[in-house]
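Worksheet for the structure shown next.
Just so it is clear: chains get the letters A, B, ... in the order the sequence lines come, proteins before strands, and each one is counted from 1.
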Amino acid sequence: MTDFSTIDITEAKKLLSQKKITATELTEFFIKQIEEKKGLNCFITKTFDIALKMAKESDEKIQKGSNLGILEGIPIGMKDLFCTDGVKTTAGSKMLENFVPFYESTVSQNLWKNGAIMLGKTNMDEFAMGSANTTSFFGNVLNPIRSDNQKDLVPGGSSGGSAAAVASGQCFAATGSDTGGSIRQPASFCGLVGLKPTYGRCSRFGMVAFASSLDQAGPITKTVSDSALMLQSMCSYDDKDSTSSKKLIPNFSDYKKFDLKGKKIGLPNEYIIEGLNEEIKKKFDQCINIFKDYGAELIDITLPHTNYALPTYYIIAPAEASANLARYDGVRYGLRENSENLDDLYQTTRASGFGDEVKRRLIIGTYVLSAGYYDAYYLKALKVRQLISNDFKNAFKKCDLILTPTTPNVAFPIGEKQNDPLEMYLNDVLTVPASLAGLPAISVSAGNNNTNLPIGMQIIGRPFEEISVLAAGSVIELSKV
Amino acid sequence: MSFFIEGDTGKWEVVLGLEVHAQIKSNSKLFSTASTEWGSDPNTQVELVDCGMPGALPVINEFCVDQAILTGLSINAEINEKSIFDRKNYFYPDLPQGYQISQFEFPIVGNGFLMIQTEEGEKRIGITRLHLEQDAGKSIHDQDINNTLIDLNRSGCALMEIVSEPDLRSPEEAALYVKKLRSILRCIGSCDGNMEKGNLRADVNVSVRKPHSEMGTRCEIKNVNSIKFIQQAIEYEARRQVEIIESGKKIIQETRLFDPNKGETRSMRGKEESHDYRYFPDPDLPPLMISKAKIEELKRSLPELPDEKKSRFISEYSLTNYDAEVLTDDQYVSNFFEEVAKNRDSKLVVSWISVELFSYLKKNSIELSESKITPKKIAGLLDYIISGKISNRQAKELFEPYLKSNLEAKDFIEKMGVEQVSDEGEIEGLINRVLQENPKMVEDYKNGKDKLFGFFVGQVMKESKGKANPQVVNKILKDKLA
């Protein structure tokens, strides 16, 4: 069997269209990979029968050569946050361990319409709450990349299963969802490309909600070129989501025609934080030079409220989550524990169905919305969020793109930071601001550190300017050292 | 007459404010396309949002927004060009999302008012706000020994909560307010006003105070679903509060329930147990923006409102304020009236509708709109009175069987043989016979016993089996006896 784990979607599309390979061959290859690499625990549910059926349909279409989707015949992983009709959707939680939706999320629907093939549902932090994929009810996901000292590393989170699956060649690409960095951070830890589009680009319909004002679906891929193809197939205006955008959807692959020459790239000094890994800082400086070589103009900018982004995020996201997760009450679907009375039903079901990290955030969220605390926490956080947005607006008057590291550190061993939520939350410190402002941002691997662990760089763009973000990402990709 | 409660320490004034929940008459729910039809099988009208499925999202129903704007305009209120939907968080099995989508700080409709017709004249009742919110489902506790059953057909239906100022001072005023509001809602069609189905229900805030003193502590009586119960609940609750205060105790602010069987209110939960709803803006819904053009467009589409109609009735039909109020309370009734009053004496029409017809309806516990009585049916009978073919008294006697029959006036009157005799020759014959048969009486009358005139009329009517036109009888009798 040919090894397809080293090629990307762009390459596979070519082989498929030349009829050198079939979608069924590709699918069978990845099914074998998934079986062989199940130790990484990337998938919660495998849907091989569905995959082979979809592959057959794609092959028939390719044979006829008509109605081909952008991703016709391309096997992918679907984060288990996206509801899939007739296929178990758990959001990584015991609460939804046996939940089978009877409806399809818009993002997954769009992907199937575009010919993508579903290999399975990928593991994730419970309800997308985590930065290491260590909060899943279905167990930790291992990063396929190991450091030289051979310890098991986290793949990042919350889209850890998606990232590890792509990085280990179990699928060409996978969907992720990013609330404060859940696409970009695992992409960075696994040496991949992770794109969080502008808020509103992808529909949230059928996506299990964590924090509605922040949640945004996006792709995790091996290459920037694949990222454009995936996003093209995922996004759409959707009248089932009131926050979905009607902005014209461009051809994202046009990033290849986007010239960075003369473009201004902002460097926010606030992102060079205390505790930023030295090697990451060095890589960041190298990237600056790469952009200079491309004729871009590098300028210093300031995003003065960056320091407040993390605490703001950890008020707003839990507050929204505390309401979004109230529906898991044992009454209509999902887990239901035995109980004596109504209060008991709520207590036992929610105590047993949610893990510690989810409970922690629900308690924080409930607290910050409570009478007497609302103004001091939630309302203030909303105001600070506006200031952070304004920072970006002002910065984008001076520059076209913003370059920062994706994370302050590389992938860390499983078990580390586990007992210190604050240290865990610091993982998101560089990704959260763009989330709060709803801006498109990509993480692209800029090469490895001296123990062979990937380092990701983040490009943030203006609203709905994914094309320039992809273009800048491809510059880093091409110059990867 | 002002309303006071007589306590041991003197008069107490009652202060009332109402929160009316009106279900919007709409084919689909506030945030989903599920049907709102009443009386369907349980859980057959439920979309993803209505049962709180993971990943379900609310999408606003523009029709419901329009209805709220129309309602706001018809209660003389400001329409807010920007309003916000909030989540009101609490756990209950018939609240599938774990929160109700409502409007808290920024409602769609702001300050307004409506006028009620009290015995002392018109009174203006302030309205604080109107906001849109989702209804909950229904918990059914009496169908299964071990389980509570949930019906989500009502879950997510659109409600308007209309909050009054504490301007009401008696159970009657509260009743008048609800009636007026209901007639406005029915007139513009934003709510069918059906209280039995729970489509219109009220939370009543009650407090008592000595006249001209500070407001007392209030209690809220939840979910009262008839005008009669609203009055009963207020009377009971106000008296209860007076007794507590006069016995030296304090009113505890709390939520109470009205028990219609016992006619009393009882505590549901105290202030301490009251929920912290943790309202916050729903991130699934952008702010609701309403353009000035839209407001103007809706304003132009408003029908003639009850108060406008009332003024017109007073001037056009020379009705009293009271009659006009009664007739414009319900659009069906006012249309009915106008139909009958066309080219007929409006005073006669109003008395037949508001007295005879209404008491018939009340006796049979039926709404005019639900009855099969048509304006034509009433007009047919009135035409017989107007032409003098039957007397008013005859018509009253015939009224009930006439309404219950399927016959038109002409056929009915023929069948009953009650047509009035106005033929002077025929009547004169009857009179002559009566006078001949009672010579002694005629003599007495001529000697000054004027009262006997009634006796002669009675005898003539008896002879005619009630069919003689009394006016004609009177006229000829006077001539004969002169």
Review point. Contact part of F102(A) toward chain B, heavy-atom cut-off under 4.5 Å: side chain, backbone, both or neither?
Key: side chain

Exercise for review: Quick one: closest heavy-atom pair of Y378(A) and P281(B), and the distance?
Suggested key: CE2-CD, 4.0 Å

Exercise for review: May I ask you to test the D329(A)-Y92(B) pair for a side-chain heavy-atom distance under 4.5 Å?
Suggested key: no

Check your understanding: Taking all atoms of both residues into account, what is the closest heavy-atom pair of E320(A) and R87(B), and its distance?
Key -> O-NH1, 3.8 Å

**Study point:** Choice from G52(B), P286(B), C51(B) maximising heavy atom contacts with chain A below 4.5 Å
**Key:** G52(B)

Check your understanding: Heavy-atom count around N223(B) CG within 6.0 Å, excluding the residue itself: above 12?
Key -> yes

Check your understanding: Where the side chain of Y328(A) meets the backbone of P54(B), is there a donor-acceptor pair that is under 3.5 Å apart?
Key -> no

Exercise for review: Report the distance from atom OG of S322(A) to atom CZ of F280(B), rounding to the nearest 0.5 Å.
Suggested key: 5.5 Å

**Study point:** Rounded distance (nearest 0.5 Å) linking atom CD1 of I150(B) with atom CZ of R332(A)
**Key:** 9.0 Å

Point to revise | Heavy-atom pair of closest approach, residues R204(A) and P283(B) | key: NH2-O, 4.1 Å

Revision key, fill the gap. Taken to the nearest 0.5 Å, the spacing of L57(B) CG from D239(A) CG works out to 11.5 Å

Check your understanding: Any idea how Y346(A) and F91(B) line up, ring-wise: parallel (<30°), tilted (30 to 60°), or perpendicular (>60°)?
Key -> tilted

Practice item. State the CG-OG1 distance between D276(B) and T366(A), to the nearest 0.5 angstrom. Key: 9.5 Å

**Study point:** Engaged part of Y90(B) at the chain A interface, taking heavy atoms whose separation is under 4.5 Å
**Key:** neither

**Study point:** Check: S242(A) side chain, P58(B) main-chain N or O, donor-acceptor pair, under 3.5 Å
**Key:** yes

Point to revise | Interface moiety of N89(B) toward chain A, non-hydrogen atoms closer than 4.5 Å | key: side chain

Practice item. Identify the heavy atoms of R327(A) and M53(B) that sit nearest to each other, and give their distance. Key: NH1-O, 2.7 Å

Point to revise | K380(A), NZ: over 12 other non-hydrogen atoms inside 6.0 angstrom | key: no

Study note, to complete from the structure: So OH of Y103(A) and CD of E47(B): to nearest 0.5 Å the spacing works out to 12.0 Å

Point to revise | Portion of L325(A) that has a non-hydrogen atom of chain B nearer than 4.5 angstrom | key: neither

Practice item. Measure A211(A) against the heavy atoms of chain B and call it side chain, backbone, both or neither at under 4.5 Å. Key: neither

Check your understanding: Does a sphere of radius 6.0 Å around CZ in F138(A) hold more than 12 heavy atoms from other residues, nucleotides or ligands, not counting ones at 6.0 Å or beyond?
Key -> yes

Practice item. Assess whether atom CZ of R256(B) is packed by more than 12 heavy atoms of other residues, nucleotides or ligands within 6.0 Å. Key: yes

Review point. If you tally heavy-atom pairs under 4.5 Å against chain A, which of V59(B), V49(B), I60(B), L285(B) wins?
Key: V59(B)

Review point. Can you name the closest pair of heavy atoms from R278(B) and S370(A) and give their distance?
Key: CD-OG, 3.9 Å

Review point. Near K383(A) NZ, under 6.0 Å, is it more than 12 heavy atoms from other residues, nucleotides or ligands?
Key: no

Check your understanding: Taking atom OH of Y277(B) and atom CG of L369(A), what is their separation to the nearest 0.5 Å?
Key -> 15.5 Å

Point to revise | Exceeds 12 heavy-atom contacts within 6.0 angstrom, atom CG of N338(A) | key: no

